[in-house]
Amino acid sequence: MNENPRSFPPVSTVASSARRLLWLVLPLIVLVAAVLWLLKSDPLRGFNNGAPPVENLTIERTVLDDEGLRMLVRAGGSEPMAIAQVQVDAAYWQFTQEPAGTISRGDTAWVAIPFPWVLGEAHKVTFVTNTGATFDHEIPVAVPTPKTSGNALVSQALLGAFVGILPVAIGLLCYPALRGAGSNTITFLLALTVGLLAFLLVDTLAEALEFASQSAAIFQGSVMVILTAVASFLTLVAIGRRHGSPTGLALATYIAIGIGLHNFGEGLAIGAAFAAGAAGLGTFLVLGFTLHNITEGIGIAAPILKTRPKLVHFVGLTLLAGGPAVLGIWVGSLAFAPQWTAIALAIGAGAIAQVLVEVTALLARSESIRPDFARLLSPAAFSGLTTGLAFMYVTAMLVKI
């Protein structure tokens with residue numbers, strides 16, 4: 001029986017593949033050998049001068065109830081750490097820890113302190129580790145942490161709908177009036193959307209970095225935010241450019257997604273304030289949120305002024321942009337941690353950056369196929385851009401406390 005010699009790879013090809021495999025495996029073998037040697041011989045013992053290991057403790061959540069104080073702490077530092085003592089207002093108090101014992105690097109534990117806190121008073125909690133290191137946590141105003149209930153979730157949903165869904169719906173209600181707008185008006189509205197998105201991008205990144213600074217050091221807050229935002233941006237650009245630059249309803253959908261992710265992050269912050277018992281949201285502040293978000297609906301409507309979307313599309317865009325505010329408030333009130341809020345806001349920042357690029361390209365392209373970025377300097381575009389930035393900045397003053 002004759003065999004076809006072409007059915008077998010040449011000897012030289014097999015040898016070349018084996019060599020490549022060897023040079024892939026060899027570095028791993030060297031690395032494993034080096035780690036085993038380091039663990040067995042402990043060459044760093046000569047540098048041990050008796051100093052305690054570097055420790056870090058981050059308080060991620062505080063709960064005040066009838067039984068006292070409960071705090072969720074996360075350990076950092078180079079070695080596992082143990083909480084030896086707890087002070088409240090400079091007095092030592094007994095405490096229980098769950099789980100008990102040392103806390104490994106990156107792990108969390110709940111610490112319960114039967115301290116009779118005083119309504120409206122400020123309290124200072126100090127954690128003392130077994131090495132003598134101390135970590136302080138301030139409670140500016142002691143108020144009972146709201147308990148989760150059906151009525152509370154309904155109230156939070158109504159608030160989320162008022163500050164998220166309602167303003168987007170109001171903005172989209174302007175669609176029929178803007179439908180017959182001329183080219184200059186459409187340019188103005190697209191530029192207004194660019195100004196809106198530019199403000200949201202800066203504001204979202206600033207909020208993400210603020211929450212990242214409150215997270216444990218092991219999360220590398222600022223780096224985590226930047227990498228997450230870049231990954232979100234690149235992922236959405238890759239998805240959005242599969243069939244060319246998005247326009248019309250597709251672009252409006254991307255704008256709604258970016259705004260929705262931003263509103264989810266804002267909802268997390270509001271929900272966290274509820275969980276901490278610090279949500280003093282007055283009527284003026286809620287109205288400020290609503291006014292601040294009205295232009296979001298106009299920005300979503302701008303790319304679809306030349307099309308005729310169905311009613312279901314408007315409902316979907318409204319829920320996509322405003323609905324996440326409700327989810328954010330629920331999640332933030334039930335399970336808040338600063339690093340997760342920072343990540344959510346960073347994802348929103350990346351999404352906003354993606355639609356900012358696409359809307360700017362649409363504005364520059366406008367009636368022609370090729371982009372003409374000189375259109376960005378036209379009076380209609382410049383006035384729309386400045387109006388969007390100014391409106392967002394002024395209304396943001398109403399919600400900053």
Side-chain angles (χ1 to χ4, degrees), residues 51-149 152 210-221 224 268-279 330-344:
V54 177
E55 294 179 332
N56 195 346
L57 191 72
T58 303
I59 292 81
E60 292 189 351
R61 186 160 186 168
T62 303
V63 176
L64 286 72
D65 54 27
D66 296 337
E67 298 179 359
L69 309 176
R70 287 194 304 122
M71 298 184 179
L72 180 65
V73 300
R74 186 180 296 273
S78 57
E79 299 289 341
M81 60 185 299
I83 299 174
Q85 296 174 316
V86 175
Q87 293 180 352
V88 183
D89 295 342
Y92 288 99
W93 284 83
Q94 292 183 339
F95 69 95
T96 56
Q97 178 183 314
E98 180 63 36
T102 59
I103 310 174
S104 300
R105 172 181 168 83
D107 285 350
T108 59
W110 279 99
V111 177
I113 312 164
F115 174 75
W117 52 272
V118 180
L119 181 65
E121 294 290 331
H123 298 290
K124 179 180 179 182
V125 182
T126 302
F127 295 90
V128 184
T129 69
N130 59 344
T131 65
T134 59
F135 300 92
D136 296 331
H137 176 67
E138 299 282 348
I139 302 176
V141 181
V143 292
T145 302
K147 296 181 179 180
T148 303
S149 65
E210 181 180 352
F211 280 104
S213 66
Q214 301 171 15
S215 63
I218 61 172
F219 292 110
Q220 307 170 73
M224 174 185 70
L268 284 176
I270 295 174
F274 275 115
W330 280 345
V331 174
S333 64
L334 296 173
F336 166 77
Q339 65 270 14
W340 300 123
T341 303
I343 289 175

message = Quick check: closest heavy atoms across Trp93 and Pro116, and the distance to 0.1 Å?
response = CH2-CD, 3.4 Å

query = When you measure from the side chain of Trp117 to the backbone N and O of Val143, does any donor-acceptor pair fall under 3.5 Å?
reply = no

task = Report the distance from atom CD of Glu138 to atom OG1 of Thr62, rounding to the nearest 0.5 Å.
result = 11.0 Å

inquiry  = Quick check: closest heavy atoms across Phe211 and Pro338, and the distance to 0.1 Å?
reply    = O-CB, 3.5 Å

key: Exercise: do Thr108 and Glu60 side chains pair donor with acceptor under 3.5 Å   = no

Contact summary for Leu57 and Phe135, nearest pair of heavy atoms = N-CE2, 3.6 Å

request  = Mark yes when over 12 heavy atoms from residues, nucleotides or ligands other than Gln94 sit less than 6.0 Å from its CD; otherwise mark no.
outcome  = no

key: Derivation of the side chain to side chain contact (heavy atoms under 4.5 Å, CB included) call for Leu69 and Ile139   = CA-CA 10 Å; Leu69 309 176; Ile139 302 176; 4.3 Å; yes

inquiry  = For a 4.5 angstrom cut-off between non-hydrogen side-chain atoms, does Ser215 reach Thr341?
reply    = no

task = First locate atom NE2 of His123, then atom CD1 of Ile113, and finally report the distance between them rounded to the nearest 0.5 Å.
result = 11.5 Å

task = Grab the two heavy atoms, one from Gly106 and one from Ile218, that are nearest each other, plus how far apart they are.
result = CA-CD1, 3.4 Å

inquiry  = Do Trp110 and Val63 have side chains that approach each other closer than 4.5 Å (heavy atoms only, starting at C-beta)?
reply    = yes

inquiry  = Measuring from atom CZ of Arg74 to atom OG of Ser104, what distance do you get when rounded to the nearest 0.5 angstrom?
reply    = 12.0 Å

remark   = Taking every heavy atom of Thr58 against every heavy atom of Gln214, the minimum-distance pair comes out as CG2-O, 3.6 Å

key: Test log, rule side chain to side chain contact (heavy atoms under 4.5 Å, CB included), inputs Phe95 and Met71   = CA-CA 11 Å; Phe95 69 95; Met71 298 184 179; over 6 Å; no

task = State the NE2-OG1 distance between His137 and Thr126, to the nearest 0.5 angstrom.
result = 11.0 Å

ask   = Looking only at heavy atoms, which two atoms of Ile103 and Ala75 are closest? And how far apart?
value = CG2-CB, 3.6 Å

ask   = Can you check whether Val125 reaches Val111 side chain to side chain, under 4.5 Å on heavy atoms?
value = no

request  = Measure from the side-chain N and O atoms of Gln97 to the backbone N and O of Gly101, and report whether any donor-acceptor pair falls under 3.5 Å.
outcome  = yes

message = Using the rule given for side chain to side chain contact (heavy atoms under 4.5 Å, CB included), can you reason through Glu55 versus Asn130, listing the C-alpha separation, both sets of side-chain angles and the distance that settles it, and then say yes or no?
response = CA-CA 11 Å; Glu55 294 179 332; Asn130 59 344; 3.9 Å; yes

task = Kindly determine whether Met81 and Phe127 satisfy side chain to side chain contact (heavy atoms under 4.5 Å, CB included), including the steps that lead there.
result = CA-CA 12 Å; Met81 60 185 299; Phe127 295 90; over 6 Å; no

message = As a test of understanding, state which of Thr134, Thr129, Val128 forms a side-chain contact (heavy atoms from CB on, under 4.5 Å) with Gln85.
response = Val128

